Amino acid sequence: MRFSRIFGHTLKEAPSDVQAVSHQYLVRAGYIHQVAAGLFSYLPLARRVLNKIERILHDEMAMIGAQEITMPVVLPADIWQESGRWYQIGSELTKLKDRKDHDMVLAMTHEEALCDLARKYVRSYKELPQLVYHIQTKWRDDPRPRAGLIRVREFKMKDSYSLDTSWEGLDKQYRAHYQSYFNIFNRCGLDVLAVKSDTGMMGGKIAHEFMYLTPIGEDTIIFCDSCGYNSNRQVAEFKKPEIVEEELKPVEKIETPDCKTIDELADFLKIPASKTAKAVFMVATIQENNETETEKFILAIVRGDMTLNETKLQNAVGAKDLRPAHVDEITAVGAVPGFGSPVGVKGAYVVVDDLAAEAPNLVGGANEEGFHLLNLNCGRDFKADLVTDIVAAEAGFRCPVCGKTLDAEKAVEVGNIFKLGTRYSESMNVNYQDEKGKLQPVIMGSYGIGVGRLLSCVVEQHHDNYGIIWPITIAPFQVHMVLLQDKKSPDAENAAEKIYEELQAAGVEVLLDDRKESPGTKFNDADLIGVPIRLTVGKRSLDKGGVEFKVRGSNDSAIIPLDETVVKIKEQIALLEAEIAESIKVVEYKE
RNA sequence: CGGAAUGUUGCCUAGUGGCUAAGGCGCCUGCUUUGGGAGCAGGAAAUCGGAGGUUCGAGUCCUCUCAUUCCGACCA
């Protein structure tokens with residue numbers, strides 16, 4: 001490809017509203033163009049990178065026996081009604097009508113479409129197991145797209161779906177993906193971590209997320225350096241502090257003016273926050289069935305030194321949605337914000353964290369402005385409808401496995417794998433006949449990778465102050481030739497053209513900067529675009545005996561003779577590819 | 001959906017009620033130059049996000065609205 005012919009161009013300065021490093025370089029180097037919030041056009045350079053990533057995806061999918069299919073982006077509403085997600089998902093799911101007034105949806109993922117396909121084509125256990133996938137557009141009307149390609153509304157996802165007759169079969173496919181995903185990310189040059197995660201809107205039993213650690217990430221990973229435990233903070237567990245046994249003391253009402261927060265209360269009473277009980281008022285939306293949903297007022301109690309984990313609470317009460325309660329809803333059950341506790345409250349579903357339930361003699365609200373109660377004890381002074389773990393793990397807490405200190409870091413989710421089980425096959429009647437002729441629900445898994453997000457994370461990981469440094473495996477070109485023209489002599493141009501032809505004939509992907517630009521402009525653009533190998537052809541290099549060879553990101557350069565260029569380039573490509581290949585390892589599966 | 005910020009040419013900015021909206025980058029033409037974002041000369045490109053208002057006069061002040069970004073809620 002000749003640089004002068006490329007659609008798009010580089011920018012010296014990034015638009016002022018572009019923040020994330022990957023976003024800046026991708027825009028400045030002419031890879032992507034933002035059309036609207038969370039909507040991007042991909043220019044030829046980006047398209048080439050995407051093609052390479054997709055090739056790796058196809059390759060790795062083939063290796064675990066997946067077959068490529070294609071399902072549509074626009075889907076009829078009835079299958080989403082069948083699965084229930086038509087009702088469960090809010091405005092993130094875009095609904096529309098076709099000309100015949102039929103309800104349609106824009107697919108945000110393809111479980112329903114696949115189930116509809118599977119129930120028509122899978123009849124017997126003899127046809128199972130199966131594994132199919134596609135790389136298809138997803139639309140999610142996200143309320144807050146951000147950071148360039150990190151979080152967008154329309155994106156391409158590689159999603160595969162496994163169909164099995166047994167949980168053992170699912171486990172096998174799940175583990176195959178687990179390894180396959182590491183292969184894929186490593187082949188793209190991205191370091192990832194697999195962590196246990198919440199199943200969220202996907203439903204199902206077990207899920208892992210593949211995380212790229214970066215401060216711009218929106219997820220928090222809790223992990224233990226000592227034993228290797230890790231988890232998304234949403235579901236991270238930890239060893240609760242020991243309870244100090246005490247004799248239960250009688251409840252006592254005391255005046256606590258202006259003590260609306262745990263800090264103020266603990267300060268005022270000169271006690272540690274761990275001796276208090278925090279009351280959090282939430283309203284949960286419970287899906288009764290496909291047609292009706294009800295709201296449930298939740299009073300959550302956690303020990304004062306802990307933070308409520310809303311995901312854990314949501315899962316504990318089986319809610320579709322959870323929001324903070326309004327003041328009038330709180331007063332309606334007889335509670336007082338800032339001075340709340342379950343004592344004297346009617347009509348609230350009380351969920352108590354197991355630690356708070358066991359901790360003796362806590363200070364809690366009196367449900368009266370300006371008053372708290374000393375020595376509250378769960379079970380004696382108030383009844384819990386549910387006692388379970390609902391607090392958030394934090395850095396500094398103890399590891400649930402080995403008891404050592406936990407750490408926390410930010411991360412971007414680039415892939416996920418779900419053991420769906422029969423979540424969709426039961427609601428959508430995806431059945432097969434077993435050996436006895438009996439109908440059984442298919443046991444499913446679903447596995448996703450966001451292609452654009454992967455691309456941008458690779459840029460986040462591989463760049464310097466000058467631009468992108470692509471891993472050879474997904475670089476838009478393998479070689480970037482900088483031609484420095486010389487008016488007095490056509491030698492440089494002739495040499496460059498010759499090498500350009502030779503490299504292309506040898507199957508090397510070359511970008512030839514044939515523009516009539518100054519050397520500085522060309523070098524800066526080369527650094528920005530980030531092609532891994534740079535060849536400079538000019539009077540100076542020819543005088544030294546050939547072309548200048550430089551690997552992006554390294555400070556060393558060398559002159560190589562013209563007639564050895566193709567061989568040397570081939571060697572270097574093989575070397576860079578081997579480095580990537582070495583990073584691919586068999587990983588231990590962690591539940 | 002809450003909080004904040006910003007909208008001036010393709011990009012970055014100046015312009016703080018008063019003459020024809022200014023500069024840099026980029027773009028076009030010509031000359032010159034070619035190893036780290038060259039030089040000179042000429043040129044094109046803006047209904048100042050949109051609507052309404054205040055005013056003799058609005059890019060500038062007010063109201064509404066739209067868009068984008070950031071924080072939060074949300075989300076894979």
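We use all heavy atoms of the structure for the numbers below, so side chains are in, but hydrogens, waters and symmetry mates are not. Only a predicted model underlies this, so the values are computations on that prediction, with no experimental measurement involved. Numbers restart at 1 for each chain; the letters A, B, ... are given by sequence-line order, proteins then strands.
Between B/A58 and B/U8, the two C1' atoms lie 14 Å apart (nearest whole Å). Spacing of C1' atoms, B/G23 relative to B/C66, comes out at 29 Å, to the nearest Å. Between the C1' atoms of B/U6 and B/U65, the separation comes to 16 Å (whole Å). To the nearest whole angstrom, the two C1' atoms, one in B/A44 and one in B/C27, are 8 Å apart. For the P atoms, the distance linking B/G15 with B/G57 amounts to 25 Å, nearest Å.
Across all strands shown, A/R28 has heavy atoms under 4.0 Å from base atoms, whether or not it also approaches the sugar-phosphate. Among the protein residues, A/N416 comes within range of the sugar-phosphate backbone only, with heavy atoms under 4.0 Å from sugar or phosphate atoms but none that close to a base. Among the atoms of the strands shown, none is found under 4.0 Å from any heavy atom of A/Q234. Here A/D219 lies out of heavy-atom contact (under 4.0 Å) with every strand. When heavy atoms are screened at a 4.0 angstrom cut-off, A/V152 is found touching base atoms of the nucleic acid. Counting any heavy atom pair closer than 4.0 Å across all strands shown, A/A492 reaches no nucleic acid atom.
Straight-line distance from the CD atom of A/E310 to the P atom of B/G72: 14 Å, rounded to whole Å. Atom pair A/E493:CD and B/G35:C1' shows a separation of 16 Å (rounding to whole Å applied). The distance between atom CZ of A/F523 and atom P of B/G36, rounded to the nearest whole Å, is 7 Å. One can place CG of A/D525 at 15 Å from C1' of B/G35, the figure rounded to the nearest angstrom. In this structure, CD of A/E517 is placed 15 Å from P of B/G36, rounded to the nearest angstrom. Taking atom CZ of A/R153 as the reference point, atom P of B/A67 lies 10 Å away to the nearest angstrom. Following rounding to the nearest Å, A/K516 (NZ) and B/A38 (P) show an atom-to-atom distance of 17 Å.
A donor-acceptor pair is defined here as one N or O able to donate and one able to accept, closer than 3.5 Å; no such pair exists between the side chain of A/S22 and the backbone of A/V459. Side-chain atoms of A/D527 do not come within 3.5 Å of backbone N or O of A/G530 as any donor-acceptor pair. The backbone N or O of A/G448 sits less than 3.5 Å from a side-chain atom of A/Y181, completing a donor-acceptor pair. Using modelled atom types, one side-chain atom of A/W470 and one backbone atom of A/I529 make a donor-acceptor pair closer than 3.5 Å. Within the 3.5 Å criterion, the main-chain N or O of A/A300 finds no donor-acceptor partner in the side chain of A/K278. Using a distance-only test at 3.5 Å, with no hydrogens or angles considered, no donor-acceptor pair links the side chain of A/Y42 to the main chain of A/L50.
Along RNA chain B, the nucleotide closest to A/R146 and the one closest to A/I150 are compared, and the more 5′ of them pairs with A/R146. Sequence order on RNA chain B of the closest nucleotides to A/K539 and A/A36 puts A/K539 first from the 5' end.
Using Watson-Crick or G-U wobble geometry with both donor-acceptor distances under 3.5 Å, B/U54 finds no partner in any strand shown. In this entry B/U47 has no Watson-Crick or G-U wobble partner, no candidate having both defining distances under 3.5 Å. The partner of B/C11 is B/G24, judged by Watson-Crick or G-U wobble contacts that both fall below 3.5 Å.
Between B/U69 and A/Q34, a contact under 4.0 Å exists linking OP1 or OP2 to a side-chain N or O. An OP1 or OP2 oxygen of B/G26 is reached within less than 4.0 angstrom by a side-chain nitrogen or oxygen of A/K12.
Looking at A/R534, its side chain has no donor and acceptor atom pair within 3.5 Å of the base of B/G35. Judged by distance alone with a 3.5 Å cut-off, a donor-acceptor contact links the side chain of A/E548 to the base of B/G35. The base of B/G3 has none of its N or O atoms less than 3.5 Å from a complementary donor or acceptor on the side chain of A/R144.
The A/T521 side chain lies nearest to B/G37 when the options are B/G37, B/G36, B/C75. Each of B/U34, B/U69, B/C74 was ranked by its minimum atom distance to the side chain of A/Q19; first place goes to B/U69. With B/C74, B/G37, B/C27 as the choices, the nucleotide that has an atom nearest any side-chain atom of A/R151 turns out to be B/C74.
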Donor-acceptor list for residues 32-41 of chain A side chains, cut-off 3.5 Å, not counting sequence neighbours:
| residue | atom | partner | partner atom | Å |
| --- | --- | --- | --- | --- |
| A/Q34 | NE2 | A/A36 | O | 3.2 |

For every nucleotide of nucleotides 6-14 of chain B, 5' to 3': is a protein heavy atom under 4.0 Å from its base (B), only from its sugar-phosphate (S), or from neither (-)? -----SSS-
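Ring planes of A/Y174 and A/H208: tilted class, angle from 30 to 60°. Between A/Y178 and A/Y589, the ring-plane angle classifies as perpendicular under the 30° and 60° cut-offs.
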